[in-house]
Amino acid sequence: MPVSITLLYSALLALVLIALSMRIVLLRRKHRVGIGVGEVRLLERAVRAHGNFCEYVPFALVLLLLLDLAPAVSDIMIHVLGAALLLGRILHAIGLNQSAGTTFGRFVGTLLTWFVILVSALYGLWLAIGWL
């Protein structure tokens, strides 16, 4: 069964990951920090934005892929979840790179990411129990 929708969002999220990684590299070079974050708050936030992305996205993509493989799940549902995850992660990264405090991007990005994981998990449970 094709999983081209999950592949699309995985590829787009991979590009976001590269952008987050490049931001860290550029800040490390600019501030001459080889490892860690030194005393550079901007670098600390960039590292956390990258780390947070790496903590949430793989699990969300596994759920998305499994739903994509389930014949009962519509392509529209996968697109909605994938787009919400992509938007959420971009907003979160922008918000966290702006401030360590609460920002619109960080707040909405977190909510969208949790929404995708929660809906995917609940829908997956419903499908799994229905198949028993």
Side-chain angles (χ1 to χ4, degrees):
M1 172 167 284
V3 290
S4 57
I5 300 172
T6 302
L7 179 58
L8 169 68
Y9 291 103
S10 296
L12 291 170
L13 287 159
L15 295 176
V16 174
L17 178 63
I18 293 298
L20 293 172
S21 300
M22 287 301 301
R23 179 160 172 73
I24 292 170
V25 169
L26 293 173
L27 286 169
R28 283 187 192 284
R29 290 184 70 174
K30 177 181 177 182
H31 297 284
R32 299 178 187 255
V33 176
I35 193 164
V37 297
E39 300 287 327
V40 183
R41 292 284 191 207
L42 189 58
L43 178 55
E44 183 178 9
R45 289 196 314 267
V47 167
R48 271 315 307 144
H50 178 273
N52 189 278
F53 186 96
C54 292
E55 292 161 6
Y56 280 99
V57 170
F59 197 79
L61 284 175
V62 167
L63 287 168
L64 196 66
L65 174 63
L66 292 172
L67 289 176
D68 203 0
L69 289 169
V73 181
S74 74
D75 289 354
I76 292 170
M77 177 70 146
I78 304 302
H79 275 296
V80 167
L81 292 170
L85 180 62
L86 179 62
L87 179 61
R89 293 291 78 204
I90 290 170
L91 286 173
H92 184 272
I94 290 169
L96 186 52
N97 276 296
Q98 288 175 342
S99 168
T102 302
T103 61
F104 171 82
R106 193 171 177 195
F107 179 75
V108 174
T110 299
L111 286 180
L112 283 171
T113 301
W114 288 357
F115 169 80
V116 170
I117 292 172
L118 180 64
V119 168
S120 298
L122 292 175
Y123 198 18
L125 278 172
W126 182 76
L127 290 171
I129 291 169
W131 288 340
L132 295 178

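Sequential numbering from 1 along the given sequence is applied to the chain's residues. Model, not experiment: these values are computed from the prediction. The analysis underlying the following values was restricted to heavy atoms, covering all of them including side chains, and did not include hydrogens, waters or symmetry mates.
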Side-chain heavy atoms nearer than 4.5 Å, only ILVMFWY residues, links allowed to pass through others: does that put [X] and [Y] together?
X: V119; Y: W126; result: yes
X: V57; Y: L118; result: no
X: L61; Y: Y123; result: yes
X: V73; Y: F115; result: yes

Original post:
Any side-chain heavy-atom pair from L8 and H79 closer than 4.5 angstrom?
Top reply: yes
Original post:
Are any of the side-chain heavy atoms of L85 and Y9 separated by less than 4.5 Å?
Top reply: no
How long is the gap from [atom1] on [X] to [atom2] on [Y], to the nearest 0.5 Å?
X: L64; Y: L7; atom1: CG; atom2: CG; value: 11.0 Å
X: N97; Y: L42; atom1: CG; atom2: CG; value: 6.5 Å
X: H50; Y: R23; atom1: NE2; atom2: CZ; value: 13.0 Å
X: R29; Y: I24; atom1: CZ; atom2: CD1; value: 15.0 Å
X: D68; Y: S120; atom1: CG; atom2: OG; value: 11.0 Å
X: S4; Y: I78; atom1: OG; atom2: CD1; value: 10.5 Å

Original post:
What's in the same ILVMFWY side-chain cluster as M22, cut-off under 4.5 Å, chained through other members?
Top reply: I18
Original post:
Apart from F104 itself, what residues make up its hydrophobic cluster, given side-chain heavy atom links below 4.5 Å?
Top reply: L87, L91, F107, V108, L111, L112
Original post:
With distance as the sole test, does R45 use its side chain to make a donor-acceptor pair with the main-chain N or O of G95 at under 3.5 Å?
Top reply: no
Subject >> Non-neighbouring partners of V33 that pass side chain to side chain contact (heavy atoms under 4.5 Å, CB included), sequence neighbours left out >> reply: R28, H31, V40, L43
Original post:
Among I94, L96, N52, whose side-chain contact (heavy atoms from CB on, under 4.5 Å) with R106 holds?
Top reply: L96
**OP:** Apply the side-chain contact (heavy atoms from CB on, under 4.5 Å) test between T6 and each candidate in L67, L66, L65; give the one that qualifies.
**Re:** L65
Which heavy-atom pair separates [X] from [Y] by the least distance, and what is that distance?
X: V16; Y: F53; answer: CG1-CE1, 3.6 Å
X: L63; Y: A121; answer: CD1-N, 4.2 Å
X: A49; Y: L20; answer: O-CD1, 4.0 Å

**OP:** Answer yes or no: does atom CG of L122 have more than 12 heavy-atom neighbours from other residues, nucleotides or ligands under 6.0 Å?
**Re:** yes
Original post:
According to the interplanar angle, ranging from 0 to 90°, do the rings of Y56 and W114 count as parallel (below 30°), tilted (30 to 60°) or perpendicular (above 60°)?
Top reply: tilted
**OP:** Could you please spell out the steps behind the side chain to side chain contact (heavy atoms under 4.5 Å, CB included) verdict for H92 and T113?
**Re:** CA-CA 9 Å; H92 184 272; T113 301; 5.7 Å; no
